[in-house]
Participant: 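First the structure, which I've put down as structure tokens, then a few questions once you've had a look.
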Amino acid sequence: MHEQSITALAAALRARAFSARELTEHYLARIERLDGRINAYITVTAEQALAAAERADQQLAAGSAGPLTGIPIAHKDIFCTNRVKTSCGSRMLDAFVAPYDATVVQRLEAAGTPMLGKTNMDEFAMGSSNETSFYGPVRNPWDRERVPGGSSGGSAAAVAAGLCAAATGTDTGGSIRQPAAFCGVTGLKPTYGRCSRWGMIAFASSLDQAGVLARSAADAALVLQAMAGFDERDSTSANEPVPDYRAPLEDDIAGLKIGLPKEYFGAGLDPGVAASIEAAIKEYEALGASVREISLPNAPLSVPVYYVVAPAECSSNLARFDGVRYGHRCEAPRDLEDLYKRSRAEGFGAEVKRRIMIGTYVLSAGYYDAYYLKAQQLRHLISDDFRRAFEQVDVIMGPTTPSTAFRLGAKTDDPVAMYLNDIYTIATNLAGLPGLSIPVAPVDGLPVGLQLIGDVFQEGRLLNIAHQLQQRTDWHRLTPSLAAP
Ligand code: GLN
């Protein structure tokens with residue numbers, strides 16, 4: 001069951017091949033048996049999932065089921081869930097139970113999806129390897145000595161290992177696409193503002209966006225359909241109608257103009273990954289697409305710009321965790337200052353502290369102009385590069401990451417090496433554009449991601465372009481074995 005697409009599962013539910021309860025029990029049994037090997041879940045919500053599955057079965061029986069009714073999914077532990085712990089991967093929120101559901105969670109629940117649990121993640125979504133989680137690292141299902149990517153590593157690993165049909169994630173600088181690439185699944189980061197941020201714990205508010213990790217582009221289209229849309233509770237949510245993401249999936253892509261940014265194929269790109277990306281581009285040419293080289297001249301600045309903007313916003317967002325209103329509080333504080341200092345020192349891990357310090361520094365009097373303001377100006381130049389590129393091409397393609405999944409511990413002592421992992425994903429967030437990563441030919445048994453970047457609100461087009469490749473090739477059908485060591 002767990003290797004089937006959502007469409008196939010939904011058809012089987014309707015044909016009474018199995019019930020939503022049986023499907024949910026199947027995933028729960030797999031989580032119980034296999035998650036100890038990869039640590040993808042922080043919390044498993046078996047009881048709620050089974051209750052939701054019963055409701056789904058009633059809807060199926062009544063003939064009022066939608067395309068996701070009874071399809072079990074998981075949520076990244078950054079989304080607030082009513083009466084279920086929301087830790088954000090941090091000791092700070094280890095005991096936090098939100099009194100409400102995030103909009104994205106509400107919408108997927110209304111679509112009839114049982115929630116299997118909350119997935120592991122880098123602490124406060126800061127990381128590219130899932131090693132900064134308070135709950136321990138997630139292991140890559142393809143090779144458990146390697147990282148799954150981050151920060152939505154639990155969601156990506158859970159989808160790859162068949163421990164849920166699909167999962168939500170968030171992407172501030174690559175956190176959906178990079179783990180999707182490392183785990184061999186399809187990951188979509190929508191346009192900034194397409195999905196509501198309400199109830200999603202904030203890291204860098206001008207960059208954060210909710211999205212999907214799934215087994216295929218067609219599955220991702222179904223989940224996005226339920227998640228997307230305006231929400232008056234999020235002032236940055238886009239008041240744009242949500243198109244039908246399924247209808248264009250089968251559209252012919254002959255004549256598609258693909259741009260390959262020369263900056264995404266230069267030094268630093270693993271030759272095996274490059275070959276695999278080139279092979280996928282050849283498939284697109286066989287489908288009638290044409291390819292041309294383009295330039296995003298300011299793209300190489302995206303990592304330094306991001307590591308000023310994101311920490312600045314994080315230092316402000318995370319100021320709310322003060323030991324008074326939310327989360328961890330130290331024992332027996334001497335006075336207010338001691339309360340603040342020790343609660344934050346104990347509650348946050350090293351990477352989060354590093355970001356708060358960098359962010360506070362770049363926003364401080366005297367440095368604001370030199371760092372933060374400069375970064376904002378460069379952010380505009382990066383966006384302008386994309387605007388010019390989309391005057392010439394329909395879609396931009398390149399690798400999602402410079403290499404395949406690296407070994408656990410390989411970059412933990414070198415934050416800059418870790419940050420450079422997001423070199424191809426970050427510019428998209430700075431420009432607010434949608435990006436999709438799909439699995440292409442593996443290298444030495446490890447997955448590789450092809451990244452597709454579209455103009456604003458072109459999610460439907462990206463899913464169409466990805467689906468066409470997935471109709472022609474089987475790369476997205478490869479699954480890891482997860483055999484006992
Ligand atoms: N890896 C990047 C970071 O550490 C991106 C994280 C994300 O997208 N949430 O900030």
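Residue indices begin at 1 and follow the sequence shown. Treat the numbers as computed from the prediction; the structure is a model and nothing was measured. For the numbers below, each heavy atom of this structure counts, side chains included, while hydrogens, waters and symmetry mates do not. Whatever order the structure lists them in is the order used to number ligands and atoms, beginning at 1.
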Participant: Nearest protein heavy atom to atom 6 (C) of ligand 1, by residue and atom, and its distance?
Facilitator: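 Here the nearest protein heavy atom works out to Ser175 OG, 2.9 Å.
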Participant: Give me the residue, atom name and distance of the protein heavy atom closest to atom 3 (C) of ligand 1.
Facilitator: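 For atom 3 (C) of ligand 1, the nearest protein heavy atom is Tyr307 OH, 3.2 Å.
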Participant: Just to verify, what does Thr132 make a side-chain contact (heavy atoms from CB on, under 4.5 Å) with, not counting sequence neighbours?
Facilitator: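 Thr132: side-chain contact (heavy atoms from CB on, under 4.5 Å) contacts with Asp122, Glu123, Glu351.
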Participant: Of the backbone atoms (N, CA, C, O) and the side-chain heavy atoms from C-beta on, which set of Phe203 has a member under 4.0 Å from an atom of ligand 1: side chain, backbone, both, or neither?
Facilitator: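 Contact part for Phe203 vs ligand 1: side chain (C-beta onward).
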Participant: Would you say the side-chain atoms of Ser206 and Arg379 include a donor-acceptor pair closer than 3.5 Å?
Facilitator: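 Their side chains do contain a donor-acceptor pair, which is all the 3.5 Å distance test asks for.
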Participant: What are the atoms of ligand 1, with element, lying closer than 4.0 Å to any heavy atom of Ala125?
Facilitator: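 Those atoms are 6 (C), 7 (C), 9 (N).
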Participant: Going by the atom numbers of ligand 1, which of them fall below 4.0 Å from some non-hydrogen atom of Gly173?
Facilitator: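 Those of ligand 1 that fall under 4.0 Å from Gly173 are 5 (C), 7 (C), 8 (O).
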Participant: Considering heavy atoms of the protein only, find what lies nearest to atom 4 (O) of ligand 1 and give residue, atom and distance to 0.1 Å.
Facilitator: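 Protein heavy atom at minimum distance: Arg355 NH2, 2.7 Å.
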Participant: Which class fits the ring pair Phe390 and Phe386: parallel under 30°, tilted 30 to 60°, perpendicular over 60°?
Facilitator: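 Parallel.
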Participant: Kindly write out the residues that satisfy salt bridge (Lys or Arg N to Asp or Glu O under 4.0 Å) with Lys85, not counting sequence neighbours, or none if the list is empty.
Facilitator: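 Listed in chain order: Asp94.
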Participant: Step by step, work out the side-chain hydrogen bond (donor to acceptor under 3.5 Å, both in side chains) result for Arg215 and Ser5.
Facilitator: CA-CA 7 Å; Arg215 305 182 72 80; Ser5 69; over 6 Å; no
Participant: Taking the side chain as C-beta and beyond, is there a heavy-atom pair between Ile73 and Leu116 under 4.5 Å?
Facilitator: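 No, too far: nothing below the 4.5 Å cut-off.
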Participant: Check each atom of ligand 1 against the heavy atoms of Ser151 and keep those under 4.0 Å away; list them by number with element.
Facilitator: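 Atoms satisfying the 4.0 Å criterion: 9 (N).
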Participant: Which residue and non-hydrogen atom of the protein lie closest to atom 5 (C) of ligand 1, and at what distance in Å?
Facilitator: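 Here the closest protein heavy atom is Tyr306 OH, 3.3 Å.
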Participant: State whether the side chain of Ser152 and the backbone N or O of Ser175 hold a donor-acceptor pair below 3.5 Å, judged by distance alone.
Facilitator: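 Checking the backbone N and O of Ser175 against the side chain of Ser152, a donor-acceptor pair under 3.5 Å is found.
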Participant: Nearest to atom 1 (N) of ligand 1, what protein heavy atom do you find, and at what distance?
Facilitator: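 Heavy-atom neighbour on the protein nearest atom 1 (N) of ligand 1: Asp422 OD2, 2.6 Å.
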Participant: Are Asp77 and Lys118 ion-paired here, with the side-chain N under 4.0 Å from a carboxylate O?
Facilitator: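 The answer is yes: the pair qualifies as a salt bridge.
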Participant: Can Ala310 be said to touch ligand 1, with heavy atoms closer than 4.0 Å?
Facilitator: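 It does not, in that no heavy atom of Ala310 comes within the 4.0 Å cut-off of ligand 1.
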Participant: Would you say Met126 has any N or O atom under 3.5 Å from an N or O of ligand 1, going by distance alone?
Facilitator: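 Min N/O separation from ligand 1 is not below 3.5 Å for Met126.
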Participant: If the cut-off is 4.0 Å to any non-hydrogen atom of Asp171, which atoms of ligand 1 fall inside it?
Facilitator: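 In order of numbering, the contacting atoms are 8 (O).
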